[in-house]
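Chain letters run A, B, ... following the sequence lines, proteins first, then strands; residues in each count from 1.
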Number of protein chains: 2
Amino acid sequence: MVKPKRLSRSCVLRLELYLEIIEQFQKEGRQYVTSSDIGSALGIAPGNVRQDLFGLGSAGRPKVGYEVTRLIALIRDLFDLDREKPACIIGFGNLGRALAGSNMWSRGGYKLAAIFDNDPSIVGTDFAGLRVRSIAEIFGVIKTQGIEMAVITVPASAAQEVADIVQNAGVKAIWNFVPVRLNMPETVAVENQSLAWGLITLSHRTRPAQ
Amino acid sequence: MVKPKRLSRSCVLRLELYLEIIEQFQKEGRQYVTSSDIGSALGIAPGNVRQDLFGLGSAGRPKVGYEVTRLIALIRDLFDLDREKPACIIGFGNLGRALAGSNMWSRGGYKLAAIFDNDPSIVGTDFAGLRVRSIAEIFGVIKTQGIEMAVITVPASAAQEVADIVQNAGVKAIWNFVPVRLNMPETVAVENQSLAWGLITLSHRTRPAQ
DNA sequence: ATGGTGTTGTTAACAATTTAACGACTAATC
DNA sequence: GATTAGTCGTTAAATTGTTAACAACACCAT
């Protein structure tokens, strides 16, 4: 049974938080969690949690709570987290390296399958068993390996060009760290991630009263 | 004239986008921008843009648009971006290094003033003219340098402890990259940034129909 | 059994946000 | 000058998201 209903962005964000917390509970050996357990751990009203879970078509038991394994399976299925989708990084500077080395890939249902860079001194080096390839190989590698997602961390001047290449090669999702609005067809899911956002938000929130 | 009204989170996010776009227009030599210019570049309805700008107490001219310099000044003032607030990074792994080397600091109104790490092989090394200091020095350095913000990129097990230290030292904002809910008083602004979020969101958005 | 208690599923009220609409004003044109 | 076209400021409506409330249900104790 699949929900055709679209979830709001904030709801997706909350569900991601739920998943993390519930998996923590699971590690602690819990078999059931209540909406209050989740809510109080996250600072979210229990009713809100129930409503989100309700939208999943969940099946909790009154007085007991939700079955941890079932809830995890539901959310992971919703997010398609249990299929290791091949992904690549384009631009292997500091940020690219940090992302490549993080544990986010498996958490997000992806597998780092290729790394590309422009710099001849970087191309050919190894990282975690992966050889860094030249930009010229992007199209072919994406095609042959069936890569579905590209993380773009190149200089601003090259971003659109790189995006065009990966789109033509059939990539379905782009995680764009470059502060540039990519011009892409709607069939490609683009998430823009500006590093400065967090800083600016904090700067705003701590602005001295005038 | 200061607005006591609180802006919604989504409005803050949009204003950050506006700022980037408007500064691009400025680089291109434009003196005025219309709400349509901004909106179409961002995929946002012009009316929405006007309403956001209206909330700033803006002063556009019909038929002409908004004065670029004035608009930039307004938003930068709103976000307190023109005061170089000292900040620090705690945890100098790959992610810490990537953040340290990025140009986000000046964009976000901060200045990287100190770097801390636990690893003896890293402590004492230099990065961009900054000596990496030991964790033990955090409290003193924050106090003496008046550091207002801390970026935390340490392992999960150390996050809460580090947060407590910086909070006691007087830090007013924390940018938390650790997938852990920090327990902090409300006087401290905490922004949580999970790297996996972007991936999970993309995974969700490109989930094959079932 | 039976009543009490805690928790879910679900609905309804409420609040916030987005979208739409339109008068007012400015600059350009004839 | 008068007219036209384009854009802002502002208000109202529609949509969306959040919060509150409560009946139904399951477990527990007696």
Would you tabulate the nitrogen or oxygen pairs shorter than 3.5 Å linking the protein to nucleotides 6-8 of chain D?
unit_1	atom_1	unit_2	atom_2	d
dG6(D)	O4'	Lys63(B)	NZ	3.3
dT7(D)	O4'	Lys63(B)	N	3.0
dC8(D)	OP1	Ser35(B)	N	2.9
dC8(D)	OP2	Ser35(B)	OG	2.6

Have [X] and [Y] got a donor and an acceptor in their side chains that come within less than 3.5 Å?
X	Y	result
Tyr32(A)	Arg61(A)	yes
Glu16(A)	Thr201(B)	yes
Ser203(A)	Lys85(B)	yes

Check your understanding: Is Arg133(B) positioned over the aromatic face of Phe116(B), cation under 6.0 angstrom from the ring centre and no more than 45 degrees off axis?
Key -> no
Check your understanding: Relative to Phe92(B), does Arg97(B) satisfy both conditions: NZ or CZ under 6.0 angstrom from the six-membered ring centre, and within 45 degrees of the ring's axis?
Key ->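 Yes; both conditions hold, so Arg97(B) lies above the ring face of Phe92(B).
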Point to revise | Heavy-atom contact window of chain B on DNA chain C, given 5' to 3' at under 4.0 Å | key: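 For DNA chain C, the relevant span reads dT17(C) to dA27(C).
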Review point. Over its full length, what angle do the end axes of the helix from dA1(C)-dT30(D) to dC30(C)-dG1(D) make, each axis taken from five pairs and the result rounded to 10 degrees?
Key: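 Both end axes considered, the difference amounts to 0°.
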Review point. Is the backbone N or O of Leu53(B) less than 3.5 Å from a side-chain atom of Ser58(B), with the two atoms forming a donor-acceptor pair by type?
Key: yes
Practice item. Answer yes or no: is there a donor N or O on one side and an acceptor on the other, between the side chain of Gln160(A) and the main chain of Asn183(A), under 3.5 Å? Key: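 Pair found, side chain donor or acceptor close to backbone of Asn183(A).
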Point to revise | Carboxylate-amine/guanidinium proximity below 4.0 Å for Arg205(B) and Glu148(A) | key: no
Exercise for review: Salt-bridge test for Arg207(B) and Asp77(A): reply yes if a basic N is under 4.0 Å from a carboxylate O, no otherwise.
Suggested key: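 Asp77(A) and Arg207(B): salt-bridged.
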Point to revise | Neighbour count >12 (heavy atoms, 6.0 Å) for atom CD, Gln31(A) | key: no
Check your understanding: Which part of the nucleic acid, if any, lies within reach of Arg14(A) when heavy atoms closer than 4.0 Å are counted: base, sugar-phosphate only, or nothing?
Key -> sugar-phosphate
